[in-house]
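Each remark here refers to the structure printed beneath this line.
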There are 2 protein chains.
Amino acid sequence: MASERSRVTASDVAKLVGVHVSTVSRAMNPQTRGLVAGDVAQRVLAAAASLGYAPNSLAAGLRTRRSFTIGVVLPDITNPVFPPILRGIQEVLEAEGYVPIVADAGPEAGRPEAGRPEAGRRETVVERLIARQVDGLILATSLRHDPVLTLCRARQIPVVLVNRVTEDSGFSGVVSDDQRGMKLAVDHLAALGHRSIGHISGPLELSTGHGRLQGFRQAMAQQGLAVPADAVTTAAAYSRDAGREATNRLLTQAPGLTAIVAANDLLALGCYDALAAAGLDCPGDMSVVGHNDMPLVDMVDPPLTTVRIRHHEMGTEAARLLLRQIAGAAEGFDLVLRPDLIVRASTAPPR
Amino acid sequence: MASERSRVTASDVAKLVGVHVSTVSRAMNPQTRGLVAGDVAQRVLAAAASLGYAPNSLAAGLRTRRSFTIGVVLPDITNPVFPPILRGIQEVLEAEGYVPIVADAGPEAGRPEAGRPEAGRRETVVERLIARQVDGLILATSLRHDPVLTLCRARQIPVVLVNRVTEDSGFSGVVSDDQRGMKLAVDHLAALGHRSIGHISGPLELSTGHGRLQGFRQAMAQQGLAVPADAVTTAAAYSRDAGREATNRLLTQAPGLTAIVAANDLLALGCYDALAAAGLDCPGDMSVVGHNDMPLVDMVDPPLTTVRIRHHEMGTEAARLLLRQIAGAAEGFDLVLRPDLIVRASTAPPR
DNA sequence: CTGAAAGCGCTTACAG
DNA sequence: CTGAAAGCGCTTACAG
């Protein structure tokens with residue numbers, strides 16, 4: 001029963017050893033252990049072990065004004081992009097004695113405002129985390145222009161953005177080099193002989209949606225390839241459904257396309273759905289490139305050519321950046337990770 | 001900068017309104033608000049809002065001996081089975097004012113003891129969570145006989161198991177009905193005309209590995225079908241690689257099989273890999289059934305026939321069970337969720 | 001090297 | 001209905 005929980009405290013240990021609680025406190029903490037006589041420290045540690053004592057970190061946090069807790073806000077843990085990021089975050093936090101409190105801002109797809117859980121909800125989540133005294137925040141939910149961030153700034157809490165960043169300066173972030181990612185995709189398609197290449201962009205209020213679209217245009221320009229207005233369409237969300245719908249639009253408005261670069265893998269998979277429904281063969285009738293290289297896209301039919309993003313590293317670097325910021329180091333720069341192209345079977349020369 | 005964080009406390013609000021902190025405390029908490037005069041409560045709330053005050057939950061927790069924090073231990077957040085469970089947990093916790101602290105016990109595959117992160121690591125994780133004063137634990141990592149649970153019992157902390165359970169009694173758990181799941185799979189295959197059906201089991205120290213194997217044998221017996229010893233093999237872990245290796249063993253030791261029931265989808269996908277490498281067609285030469293219905297298995301080639309488990313519900317029910325236990329309700333029963341068979345294209349009549 | 005004291009920010013009997 | 005006091009379990013100047 002919860003009510004019966006035996007709580008052993010520092011004063012139990014102190015009593016057993018015959019010292020003052022403050023001595024117990026000093027002996028327990030490796031940082032201050034040196035202040036205590038060697039044999040006393042040994043006896044304290046032994047007594048603690050025998051009683052099963054561990055310092056109550058809530059109490060310690062109250063006193064030191066640190067919770068050793070980090071809030072991690074994700075748009076949707078169910079999206080395969082985020083677990084590896086979270087894993088990376090956890091690994092480095094754990095090594096430093098921190099723990100993540102994960103808050104899911106809610107499913108993205110199927111929402112009234114697909115692509116972005118409403119700002120109200122996202123603000124509430126951040127407020128709650130702050131009330132819980134998190135020492136910092138890692139946000140994977142930010143918009144290019146995001147009211148939630150002004151709240152964070154007002155609260156003066158250390159923040160690092162990951163995957164999606166903001167354009168409001170002053171926040172550090174870890175992202176993939178979308179410019180380069182799109183160049184890799186477009187160059188590959190161009191090398192295969194494609195000239196009419198379309199793009200399904202992600203929601204433009206997200207940095208990835210906007211940035212990849214820019215990257216696409218730039219890469220096409222470098223190849224001397226035109227991008228007529230109807231060769232680009234914006235998906236309502238980063239979801240398979242939205243990808244299918246976007247592809248249908250493209251099929252109607254730009255019938256001459258021989259290849260599509262999707263802003264992420266889910267969108268590319270929706271592309272597959274639409275192509276199949278239209279009786280078109282991939283890559284025979286249409287080449288498709290994704291972005292992310294999420295798990296299992298090597299097993300879909302056909303295996304997806306995609307831009308691999310280093311999600312795990314995004315997580316570790318974001319956590320490191322945050323920890324440094326908490327330690328008082330200067331903030332305000334972005335870390336840009338270099339993606340790779342993974343060529344599989346969804347791309348081929350145009351017929 | 002972290003050092004500059006402005007902390008507004010109850011006494012700031014009290015000063016502003018001209019009341020005592022205890023009145024602020026009562027007014028802030030909906031439970032005790034009734035004890036305060038209506039207009040005073042209003043003024044407190046207004047002042048709190050204007051100052052951006054939210055009670056410090058660390059301090060409150062210290063006083064009330066509750067952290068409103070739940071430890072969630074997963075074997076691997078990167079395994080697509082767990083995100084929906086976590087999401088379910090989060091949803092109900094959040095509604096009740098709790099927050100999950102997610103601890104990843106580490107990758108399963110590729111470990112010395114594949115399938116089970118070493119007990120030492122798992123114990124450390126639980127110890128840390130307890131030191132953080134979590135009010136309860138949800139474990140998705142338990143073994144059929146698990147030393148970590150004796151630790152939990154010693155600490156008298158509320159625990160609910162999810163997905164994987166233990167055979168040591170006294171712990172509540174939420175699981176899928178593996179008996180039924182396997183019967184669905186075997187009956188489907190038998191109806192297609194298969195008589196020689198093999199099984200790739202999960203690690204037998206996990207309840208899912210053991211339970212699905214039992215379910216397989218029982219369903220086969222009910223169909224009057226024999227299960228020769230070499231028609232069953234145990235995978236080293238729930239991973240695609242282990243599934244490939246297990247399939248290779250089966251292909252050698254039981255060449256007459258026309259169908260394989262895998263204990264989960266990852267294993268089934270490894271099965272695809274091995275079949276392809278051996279130049280065998282699925283479902284032409286070999287039908288394959290998975291278990292879980294994880295995301296994207298409808299898009300692999302061929303789309304996978306599998307047993308769908310209600311992961312999201314597993315999470316919500318586990319959280320509810322835990323909350324009830326924390327509230328002092330009796331514990332010690334399992335919740336068994338009913339799975340469904342999803343027939344896709346990896347199963348067909350034998351040639 | 002160690003003890004005594006104060007205080008982190010709350011909540012909750014206890015008076016009135 | 002409200003205030004004053006005590007105390008949750010730590011940590012850390014401050015003495016000695």
Side-chain angles (χ1 to χ4, degrees), chain A residues 2-3 5-45 47-48 51-69 97 130-135, chain B residues 2-3 5-44 48 51-69 97 130-135:
Chain A
S3 47
R5 296 262 298 281
S6 57
R7 312 258 185 171
V8 10
T9 71
S11 84
D12 296 323
V13 178
K15 229 164 283 169
L16 184 60
V17 181
V19 294
H20 192 263
V21 277
S22 57
T23 301
V24 172
S25 173
R26 291 184 191 104
M28 291 301 295
N29 180 197
Q31 308 295 319
T32 52
R33 187 132 59 212
L35 300 175
V36 176
D39 60 315
V40 175
Q42 288 315 311
R43 279 189 291 140
V44 169
L45 260 12
L51 294 176
Y53 168 70
N56 177 333
S57 47
L58 252 54
L62 179 58
R63 174 60 226 238
T64 60
R65 290 152 163 280
R66 308 188 61 180
S67 65
F68 284 97
T69 257
I130 292 177
R132 284 199 175 255
Q133 314 299 119
V134 295
D135 294 332
Chain B
S3 47
R5 298 261 295 282
S6 56
R7 313 259 185 173
V8 11
T9 71
S11 85
D12 296 324
V13 178
K15 227 162 282 166
L16 184 59
V17 180
V19 294
H20 193 261
V21 278
S22 57
T23 300
V24 172
S25 172
R26 292 186 189 101
M28 291 301 293
N29 179 196
Q31 308 294 319
T32 52
R33 186 133 60 214
L35 299 174
V36 175
D39 60 315
V40 176
Q42 288 316 313
R43 278 189 291 140
V44 169
L51 294 176
Y53 169 70
N56 177 334
S57 47
L58 252 52
L62 180 58
R63 173 59 225 238
T64 60
R65 290 152 162 281
R66 308 189 63 180
S67 65
F68 285 97
T69 257
I130 292 177
R132 283 196 177 258
Q133 313 301 117
V134 294
D135 293 332

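Each chain gets a letter, A, B and so on, in the order the sequences are listed, and its residues count up from 1. Worth knowing before you read on, the calculation uses all heavy atoms, side chains too, and leaves out hydrogens, waters and symmetry mates.
- Note: CZ (A/R65) to C1' (D/dC10) measures 14 Å, nearest angstrom.
- For B/P55, the listed nucleotide lying nearest its side chain is C/dC10; candidates were C/dC10, D/dC1, D/dC10.
- Rounded to a whole Å, the CG atom of B/N56 is 14 Å from the C1' atom of C/dG7.
- Nucleotide C/dT11 holds its C1' atom 13 Å from the CD atom of B/Q31, rounded to whole Å.
- What separates CG of A/D12 from P of D/dC10 is a distance of 9 Å, to the nearest Å.
- Residue-level contact check: A/S25 touches the bases, meaning some heavy atom is under 4.0 Å from a base atom.
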Going through the distances and angles, do A/T69 and A/Q133 end up as a side-chain contact (heavy atoms from CB on, under 4.5 Å)? CA-CA 8 Å; A/T69 257; A/Q133 314 299 119; over 6 Å; no
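- In this entry the distance linking CZ of A/R66 with P of D/dT12 reads 11 Å, nearest Å.
- Nucleic acid contact for A/T64: sugar-phosphate only, since backbone atoms but no base atoms lie under 4.0 Å from a heavy atom of the residue.
- Residues A/A10 and A/R26 both approach DNA chain D. Their nearest nucleotides, taken by heavy-atom distance, put A/A10 toward the 5′ side.
- Atom CZ in B/R132 sits about 18 Å away from atom P in D/dG9, given to the nearest Å.
- Of the residues near DNA chain D, A/A59 and A/T32, the one whose nearest nucleotide (by heavy atom distance) lies more toward the 5' end is A/A59.
- One atom, CZ of B/R33, and another, P of C/dT11, lie 12 Å apart when rounded to the nearest Å.
- Of the possible donor and acceptor atoms, one in the side chain of A/S57 sits under 3.5 Å from a partner among the backbone N and O of B/A131.
- When both pairing distances are held under 3.5 Å, D/dA13 makes no Watson-Crick or G-U pair with any nucleotide shown.
- Of the two residues near DNA chain C, B/S11 and A/G34, the one whose nearest nucleotide lies more 5' is A/G34.
- Between B/R26 and B/T32, the closest heavy-atom pair is O-OG1, 2.9 Å.
- Within the 4.0 angstrom heavy-atom criterion, only backbone atoms of the sugar-phosphate kind lie near B/T23; the bases stay farther away.
- The closest side-chain heavy-atom distance from B/V19 to B/V24 is below 4.5 Å.
- A/H20 places its NE2 atom 16 Å from the P atom of D/dG16, with the value rounded to the nearest Å.
- Between the base of D/dG9 and the side chain of B/R63 there is no donor-acceptor pair shorter than 3.5 Å.
- The heavy-atom pair separating B/A14 from B/H20 by the smallest distance is CB-C, 3.9 Å.
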